[in-house]
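These numbers come from the heavy atoms of this one structure, side chains and all, not from hydrogens, waters or symmetry mates. Chain A is the first sequence line, chain B the second, and so forth, proteins listed ahead of strands; every chain is numbered from 1.
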2 protein chains.
Amino acid sequence: MASSLAVINCSQLVTLNGPARPRVGAELRDLQIINDGAMLVVGDRIDKVGLRAEIELLIENSYADSELIDAGGRVVMPGFVDAHTHPVFVGTRASEFEERAAGATYQEIAARGGGIQSTVNATRAATIDQLVAAGRRYSEWFLRTGTTTVEAKSGYGLSLADELKILRAIKQLDQETALRYVPTFLGAHSIPPEYRSRRGDYISLIVNEMLPQVAREELAEFCDVFCEESVFTTAESRQILSAARNHGLGLRIHADQLSLSGGAKLAAELRTATADHLEHTDGAGIAALKSAGVQPVLLPGSVYALGSSRYPKAREMIDAGLALVLATDFNPGSSPTPSMPMVLSLAATHMKMLPAESVTATTVNAAYSLGRGDEIGSLEAGKRADFVVHDCDDYRDLAYFFGIEHPWKVFAGGRLAHQRASSGQ
Amino acid sequence: MASSLAVINCSQLVTLNGPARPRVGAELRDLQIINDGAMLVVGDRIDKVGLRAEIELLIENSYADSELIDAGGRVVMPGFVDAHTHPVFVGTRASEFEERAAGATYQEIAARGGGIQSTVNATRAATIDQLVAAGRRYSEWFLRTGTTTVEAKSGYGLSLADELKILRAIKQLDQETALRYVPTFLGAHSIPPEYRSRRGDYISLIVNEMLPQVAREELAEFCDVFCEESVFTTAESRQILSAARNHGLGLRIHADQLSLSGGAKLAAELRTATADHLEHTDGAGIAALKSAGVQPVLLPGSVYALGSSRYPKAREMIDAGLALVLATDFNPGSSPTPSMPMVLSLAATHMKMLPAESVTATTVNAAYSLGRGDEIGSLEAGKRADFVVHDCDDYRDLAYFFGIEHPWKVFAGGRLAHQRASSGQ
């Protein structure tokens with residue numbers, strides 16, 4: 001018989017129980033919290049959630065040898081699902097960060113060979129073992145801040161061999177760490193310097209060599225493109241994403257981050273799973289996303305870290321009925337944070353989102369955007385037991401107190417994946 | 001013989017060795033880093049800092065029984081000195097935080113009895129033991145994020161008995177936890193409702209009853225006033241601070257936070273130790289602070305948490321030769337963060353401060369602003385052994401990667417005060 005564990009004494013058991021689809025409008029605020037709740041986990045699955053008395057009776061009768069986790073009056077929630085990250089690379093960009101503090105812009109740094117290209121150079125030079133070692137550090141950061149699943153993009157290789165190396169590193173991290181990775185192929189992250197004068201050849205490389213090989217080896221579930229006038233045009237993005245669809249990949253797109261370049265409209269045209277960033281998307285773009293059922297993935301961490309104040313129009317999107325997702329955009333250039341609570345803080349203070357809306361956008365809605373809404377993102381019977389005991393008694397504290405790591409214990413698939421040190425005092 | 005410990009294998013030993021005064025201009029960037037540095041601590045004091053080989057030889061010859069801390073190629077720095085916090089209160093203000101996300105302003109919430117007053121009500125109703133218990137949670141947060149000394153203000157009592165209760169709680173926390181507290185009396189934080197129609201009586205209470213008693217019991221080293229047209233006018237602030245000076249207290253002042261109300265000029269007139277906030281201070285105010293030798297204490301956490309983009313003019317202040325300090329303003333209303341690395345992040349991304357400048361502003365300059373420049377704030381022989389081993393190999397990472405807790409081990413007075421859990425993976 002599978003081992004079981006019971007979590008009792010939760011001030012709030014934040015279940016997000018609800019319809020089997022992403023939540024929209026007022027549903028975003030409805031967390032289906034059970035006060036003084038409890039949960040029984042059998043093996044790697046949630047068996048039952050309910051009131052403490054109810055679960056204790058069940059344990060007494062049928063699961064007397066359960067391991068007991070006393071949450072001590074803390075909040076218990078699903079692990080965060082981070083639907084947009086770039087977590088596999090070598091080297092930081094702290095020097096460029098310092099240059100930006102000294103006044104240089106992100107675009108100026110990129111123009112002189114810094115930016116994405118500096119990470120590409122370092123990542124190309126690394127072995128897969130070095131990539132996995134670097135990634136392991138960040139997998140720990142994600143777990144420490146309460147995330148149990150990340151979407152993970154390639155895109156720092158930009159050659160067949162190096163993109164495959166990154167995707168294989170992601171696969172290895174998924175197997176070796178307690179964090180779950182959903183791989184996305186992002187060969188179209190940037191045009192590498194050796195192709196600058198012959199862009200078409202790089203598009204052909206992606207379409208004719210990278211995508212077939214990625215699909216054959218089943219190294220990615222999604223394909224993403226950085227759609228921007230100065231990166232990949234809408235025509236190029238359409239070509240790449242259409243090819244990816246023909247290989248059976250789901251579609252995501254970096255859209256309207258630096259300018260209103262038609263990314264949201266292309267997302268609607270192609271009915272991609274998500275359109276990400278959207279800092280410059282206008283009302284027409286929002287309406288197009290709505291009519292096509294595309295989920296927006298908003299990334300306030302990069303707006304913050306670039307020193308901008310142009311946050312995406314979250315309230316307009318919620319009012320339009322979009323099934324909002326929030327993510328970290330963890331990457332070494334524009335968003336060096338793995339922390340979903342930091343994203344909740346930014347959403348509350350700079351995007352007028354209620355903490356409850358942000359919790360939905362970073363759990364169940366994010367899970368649906370990755371095609372995993374039936375597996376993760378809420379605490380419901382049958383789902384994977386990915387949950388976090390946060391060191392507070394009110395879930396709103398996750399958005400309110402910022403700059404600290406809230407989790408007390410993190411469980412992935414029913415197993416302890418991280419726990420806070422006891423105080424040295 | 002006192003016990004000794006040796007810290008070796010530091011990628012960067014950030015000493016901040018330098019003149020025995022706060023640093024200005026280009027000095028702010030000069031961290032006096034020793035690469036592959038090491039440090040010998042005897043008892044609660046730093047005995048020697050130097051190159052690894054040098055320290056290892058000293059240990060071999062004279063301190064063979066030293067405890068050895070292998071930093072594993074990490075950064076070692078002085079503990080942060082947080083020169084502006086409000087860390088002793090009961091209850092959070094997560095509800096008001098949520099109301100602000102829903103559109104209410106801080107001023108609207110205060111006008112209907114929320115804001116500071118809601119924390120005053122909860123804090124008045126608490127026993128000293130409850131206050132100390134609440135404060136202990138936050139002392140752990142400060143240590144976890146690398147702070148070893150905080151300036152701690154009263155100000156949520158606003159009656160003789162309750163202000164004394166808070167100051168005594170601060171004293172108890174200083175004695176019982178590994179964190180050091182520098183107490184500041186802030187009876188002039190707000191006019192309590194029972195005095196709204198007779199402000200003069202509250203000023204008299206502060207001047208004639210609170211201050212004498214606080215001084216007699218030696219419960220505070222500094223006196224602070226929230227100087228703002230809508231809180232305490234410059235005339236009232238002058239009266240209170242002058243009385244405090246007569247009792248031997250050092251002076252600090254909340255100045256020009258919500259409007260240009262003359263706080264910086266009053267600080268210059270009274271030659272206070274610090275002028276804090278300064279979001280609205282103009283060039284004339286900056287010049288006045290410079291000529292009077294007042295240290296500015298900038299608090300970007302509250303600008304961020306209030307959803308504002310009006311950060312104080314750090315670069316103008318540095319250019320004017322001010323000895324800048326950065327602090328968290330930790331409090332339950334406008335700045336719910338204990339994290340100095342978060343302040344470094346905000347300063348780099350939103351105030352164009354170099355990470356090195358921020359490190360100086362949060363260590364040695366902060367120490368001088370508290371009259372403790374000879375005790376803490378740098379790693380120099382004779383100073384208290386308050387230091388942090390951060391889990392990175394470049395100090396700039398503290399400003400760059402945000403939303404995580406960087407410290408791997410924290411030492412206060414030569415003793416381990418916090419250490420990170422080992423990974424559960």
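The distance from atom OG1 of A:T92 to atom CG of B:D394, rounded to the nearest 0.5 Å, is 6.5 Å. Residue A:D391 holds its CG atom at 8.0 Å from CD of B:E140, rounded to the nearest 0.5 Å.
Between chain B and the options A:R415, A:R137, A:E405, A:M342, heavy-atom pairs under 4.5 Å are most frequent for A:E405. When B:L346, B:I404, B:V343 are compared by the number of non-hydrogen pairs under 4.5 Å with chain A, B:I404 comes out ahead. Contacts with chain A were tallied for B:P336, B:S339, B:S345, B:P355; B:P336 has the most, counting heavy-atom pairs under 4.5 Å. In terms of heavy-atom pairs under 4.5 angstrom with chain B, the leader among A:S309, A:S308, A:A356, A:P332 is A:P332. Contact tally against chain B (heavy-atom pairs below 4.5 Å) for A:E357, A:R93, A:R100: the top residue is A:R93. Chain B forms the most heavy-atom pairs under 4.5 Å with one residue out of A:P341, A:A102, A:A399, and that residue is A:A399. The most heavy-atom pairs under 4.5 Å with chain A, out of B:V410, B:T328, B:L354, B:L306, come from B:L354.
With a 4.5 Å cut-off on non-hydrogen atoms, B:F142 does not touch chain A at all. With a threshold of 4.5 angstrom between heavy atoms, B:F411 does not approach chain A through any atom at all.
Contact of the B:F401 side chain with the A:P338 side chain is not registered, since no non-hydrogen atoms from C-beta on lie closer than 4.5 Å. Using a 4.5 Å cut-off on side-chain heavy atoms (C-beta onward), A:H350 and B:Y304 make contact.
Closest non-hydrogen pair, B:Y400 versus A:G333, comes out as OH-N, 4.5 Å. Minimum heavy-atom separation, A:F402 to B:T337: O-OG1, 2.5 Å. When all heavy atoms of B:T145 and A:G403 are compared, the pair lying nearest together is CG2-O, 4.0 Å. Taking both residues in full, the closest heavy atoms of B:T349 and A:A305 are given as CG2-O, 3.5 Å, listed atom of the first, atom of the second, then distance. Here the shortest heavy-atom pairing between A:D397 and B:A94 reads OD1-CB, 3.6 Å.
Using modelled atom types and a 3.5 Å distance limit, the side chains of B:R396 and A:S95 yield a donor-acceptor pair.
In B:K352, the NZ atom is crowded: over 12 heavy atoms of neighbouring residues, nucleotides or ligands sit closer than 6.0 Å.
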**Message:** Walk me through whether B:R144 and A:R420 qualify under side-chain contact (heavy atoms from CB on, under 4.5 Å).
**Reply:** CA-CA 11 Å; B:R144 265 166 43 190; A:R420 151 99 25 94; 2.9 Å; yes

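Using cut-offs of 30° and 60° on the angle between ring planes, the pair A:H406 and B:W141 is perpendicular.
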